[in-house]
Amino acid sequence: MAEVGRVRPPAVRPEMIASVLEIIESVRRGGEAKLREYAERWDGLEAGGALVRTPAEMRAALKSLPPSDRGVLERAAGRIAHFARAQLESVAPVDVAVEGGRAGDRVVPVRVAGCYAPGGRYPLPSSVLMTAVTAGVAGVREVWLASPKPSREVMAAGAVAGVAGLLGVGGAHAVAAMAYGAGPVPRCDVVAGPGGEWVTAAKLLVSGVVGIDILAGPSELVVLSDERGDPALIAADLLAQAEHDPAALPILITTCADLVQGVEAELERQLADLPTADTARAALRNGFTVVATEDEALRCCEELAPEHLQLHGSRAQHWEESLDRFGALFVTESVAEVFGDYGAGPNHTLPTGGTARFTGGLSVMSFLRRPIWLRLEDGPQLDTLARDTATLARMEGLEAHARAAELRIGRRGRGDR
């Protein structure tokens with residue numbers, strides 16, 4: 001089972017690094033002029049055209065939508081905000097007694113966030129809401145959006161989320177603009193949101209300059225089912241993930257060999273009239289099926305640590321208790337993974353490539369920081385701390401550290417002088 005976790009390529013291929021670094025450095029040095037050059041070359045921006053769409057333009061796009069579509073965006077935003085607020089309320093600052101005084105931290109939002117929404121193969125207003133609404137709930141003062149060739153729906157989602165501006169370009173140059181600032185786009189403190197390999201490589205390379213959420217690779221879905229799984233529902237869920245991208249990874253793990261034939265037959269039947277069948281077929285070739293005992297199947301899921309894990313069949317609720325390595329879990333066949341994609345509440349920007357072993361997805365925490373503080377009183381406890389500090393400092397050969405600590409020994413009532 002250990003080898004199953006190694007089936008995926010890295011989120012960023014090493015050979016891409018040099019090309020992406022060149023783009024980032026060009027935008028860092030050249031600012032708006034270089035950003036505009038790349039936008040005209042790759043994003044179809046007209047010479048002299050506006051790089052940024054204003055809040056007024058986004059509100060006009062929202063107003064132009066049919067009321068039903070506007071209602072969908074607003075309801076999805078409300079669900080995302082509701083979940084994000086619950087996350088925020090769970091985060092409390094620390095204030096604890098320590099020897100000689102108190103220590104703690106603060107929960108503080110970053111001031112400027114850049115949110116990326118893909119727009120290459122499909123426009124994704126859902127990603128606008130997932131990133132920008134979450135940043136707003138976290139308390140970020142200024143939220144910017146980047147999305148190439150933004151559709152009316154993407155612009156409308158920007159209005160619903162209340163973003164300050166929409167940079168209508170994509171790729172590594174958009175990430176660089178948000179990381180370093182370029183023209184009207186301010187330097188951001190965090191850059192978040194899903195994207196293709198160029199975006200992911202750029203986030204990797206600017207991660208020492210700005211905060212990032214995660215390095216997301218191609219979409220993944222693991223369906224785990226016993227013999228009671230419905231082949232039609234399983235096939236529909238696998239195809240929903242497969243149509244994302246030819247590099248997507250749909251996987252079926254089952255305890256029942258007979259189920260595999262039923263799912264394969266359903267896949268062919270449903271592909272017959274699927275508009276995105278070419279993309280889905282390519283992704284299905286990346287995927288695979290595992291037939292195993294129940295214990296082996298559970299170990300396989302844990303080894304894969306997938307972005308999305310969906311439980312079908314009669315054992316779904318029992319399996320839920322045994323699994324914790326996933327970006328998002330969908331329990332029972334009634335809970336389609338696409339409900340998570342489109343705004344049930346939890347965020348859809350999730351760890352891929354097995355990184356759910358050590359991280360979670362985008363959340364209000366992606367836009368928060370926790371600076372710490374220390375307040376001590378002069379007295380015997382401070383003297384003990386100072387002596388311990390001096391001893392440790394000399395163990396490390398740092399004499400100035402030791403002397404700075406020892407100067408505090410024996411001070412009484414002079415802290416305010």
Exercise. Looking only at non-hydrogen atoms, find the nearest pair between Tyr116 and Ala174 and report the distance.
Key: CE1-CB, 4.0 Å
Quiz item: Which atom pair, heavy atoms only, marks the closest approach of Val191 to Ala179?
Solution: CG2-N, 4.3 Å
Quiz item: After noting the C-alpha distance and the side-chain angles of Glu268 and Arg281, does the key distance pass the salt bridge (Lys or Arg N to Asp or Glu O under 4.0 Å) rule?
Solution: CA-CA 10 Å; Glu268 285 304 314; Arg281 286 186 186 280; 3.3 Å; yes
Exercise. Would you mind reporting whether Asp324 and Glu302 have side-chain heavy atoms less than 4.5 Å apart?
Key: yes
Self-check item: Modelled atom types, side-chain donor and acceptor of Asn347 and Thr134, under 3.5 Å
Solution: yes
Quiz item: Hey, are the side chains of Leu124 and Val154 touching, using non-hydrogen atoms and a 4.5 Å cut-off?
Solution: no
Practice problem: Scan Asp230, Thr332, Asp237 and name whichever one has a side chain to side chain donor-acceptor pair (under 3.5 Å) with His312. | Solution: Asp237
Exercise. Ignoring hydrogens and angles, tell me if any N or O in the side chain of Lys34 forms a donor-acceptor pair with the backbone of Glu25 under 3.5 Å.
Key: no
Quiz item: Do side-chain atoms of Thr200 reach the backbone of Ala216 as a donor and acceptor pair under 3.5 angstrom?
Solution: yes
Quiz item: Would you say Val206 and Val175 make side-chain contact, with heavy atoms under 4.5 Å?
Solution: yes
Self-check item: Minimum heavy-atom distance between Ala280 and Leu271, given as atom pair plus value
Solution: CB-CD2, 3.9 Å
Quiz item: If you look at every heavy atom in Ser366 and Asp213, which pair is closest and at what distance?
Solution: OG-CB, 4.2 Å
Practice problem: Would you name the heavy atoms of Lys203 and Ile214 that are closest together and state the gap between them? | Solution: NZ-O, 3.0 Å
Quiz item: Between the side chain of Ser147 and the main-chain N/O of Ala117, is any donor-acceptor distance below 3.5 Å?
Solution: yes
Practice problem: For the pair Glu337 (side chain) and Phe330 (backbone), establish whether a donor and an acceptor sit closer than 3.5 Å, ignoring hydrogens and angles. | Solution: no
Quiz item: In this structure, are over 12 heavy atoms from other groups packed under 6.0 Å from Glu399 atom CD?
Solution: yes
Practice problem: Taking the side chain as every heavy atom from C-beta outward, state whether Leu249 and Pro218 have any atom pair closer than 4.5 Å. | Solution: no
Quiz item: For residues Ser127 and His348, is any side-chain donor paired with an opposing acceptor at under 3.5 Å?
Solution: yes
Self-check item: Spacing of Leu398 atom CG and Leu392 atom CG [to the nearest 0.5 Å]
Solution: 10.5 Å
Quiz prompt | Non-neighbouring partners of Thr293 that pass side chain to side chain donor-acceptor pair (under 3.5 Å), sequence neighbours left out | solution = Glu296
Side chains of residues 83-100: which donor-acceptor pairs under 3.5 Å do they make with residues two or more places apart or in other chains?
unit_1, atom_1, unit_2, atom_2, d
Ser90, OG, Gln87, O, 2.5
Asp95, OD1, Arg102, NE, 2.7
Asp95, OD1, Arg102, NH2, 3.3

Exercise. Could you check Thr276 against Leu239 for side chain to side chain contact (heavy atoms under 4.5 Å, CB included), going step by step and ending with a plain yes or no?
Key: CA-CA 9 Å; Thr276 54; Leu239 288 174; over 6 Å; no
Quiz item: Between Ile234 and Ser225, is any pair of side-chain heavy atoms under 4.5 Å apart?
Solution: yes
Quiz item: Can you tell me if CD on Glu377 sees more than 12 non-hydrogen neighbours from other groups inside 6.0 Å?
Solution: no
Quiz item: In terms of side-chain geometry, is the basic nitrogen of Arg299 or Glu303 positioned less than 4.0 Å from the acidic oxygen of its partner?
Solution: no
Quiz item: Are there more than 12 heavy atoms of other residues, nucleotides or ligands under 6.0 Å from atom CD of Gln317?
Solution: no
Quiz item: With Arg53, which residues qualify under salt bridge (Lys or Arg N to Asp or Glu O under 4.0 Å), at least two apart?
Solution: none
Self-check item: Flag if over 12 foreign heavy atoms under 6.0 Å of CG, Leu374
Solution: yes
Practice problem: Could you tell me which residues satisfy side-chain contact (heavy atoms from CB on, under 4.5 Å) with Glu266, sequence neighbours excluded, listed by chain and number? | Solution: Pro231, Ala232, Ala235, Arg269, Gln270
Quiz item: Is the side chain of Glu142 donor-acceptor paired with the backbone N or O of Val112 at a distance under 3.5 Å, no angle test?
Solution: no
Quiz item: Under the 3.5 angstrom rule, does the side chain of Thr359 hit a backbone N or O of Ala356 as a donor-acceptor pair?
Solution: no
Practice problem: Return the set of residues passing side chain to side chain donor-acceptor pair (under 3.5 Å) with Thr391 (not counting sequence neighbours), or none when no residue passes. | Solution: none
Quiz item: Is any side-chain heavy atom of Leu35 less than 4.5 Å from a side-chain heavy atom of Leu167?
Solution: yes
Practice problem: Can you measure from CG (Leu221) to CD1 (Ile251) and round to the nearest 0.5 angstrom? | Solution: 8.5 Å
Quiz item: Below 4.0 angstrom, N of the basic side chain to O of the carboxylate: do Asp105 and Arg370 qualify?
Solution: yes
Exercise. Keeping the roles fixed (side chain from Arg394, backbone from His401), state whether a donor-acceptor pair exists under 3.5 Å.
Key: no
Quiz prompt | Any donor-acceptor N/O pair, Asn286 side chain to Ala248 backbone, under 3.5 Å | solution = yes
Self-check item: Greater than 12 external heavy atoms within 6.0 Å of Arg408's CZ
Solution: no
Quiz prompt | Flag, side chain of Asp226 to backbone of Ser314, donor-acceptor distance under 3.5 Å | solution = yes
Practice problem: For Leu350 and Ala328, work out which heavy atoms get closest and say how close. | Solution: CD1-CB, 3.6 Å
Self-check item: pair Leu304-Glu220: side-chain heavy atoms closer than 4.5 Å
Solution: no
Quiz item: Under 4.5 Å between any side-chain heavy atoms of Leu329 and Leu311, yes or no?
Solution: yes
Quiz item: Taking the side chain from Glu74 and the backbone from Gly71, do they hold a donor-acceptor pair closer than 3.5 Å?
Solution: no
Quiz item: Going by the ring pair (Phe, Tyr, Trp, His ring centres under 6.0 Å) test, which pairs reach into residues 173-224, not counting sequence neighbours?
Solution: Tyr38-His173, Trp42-His173
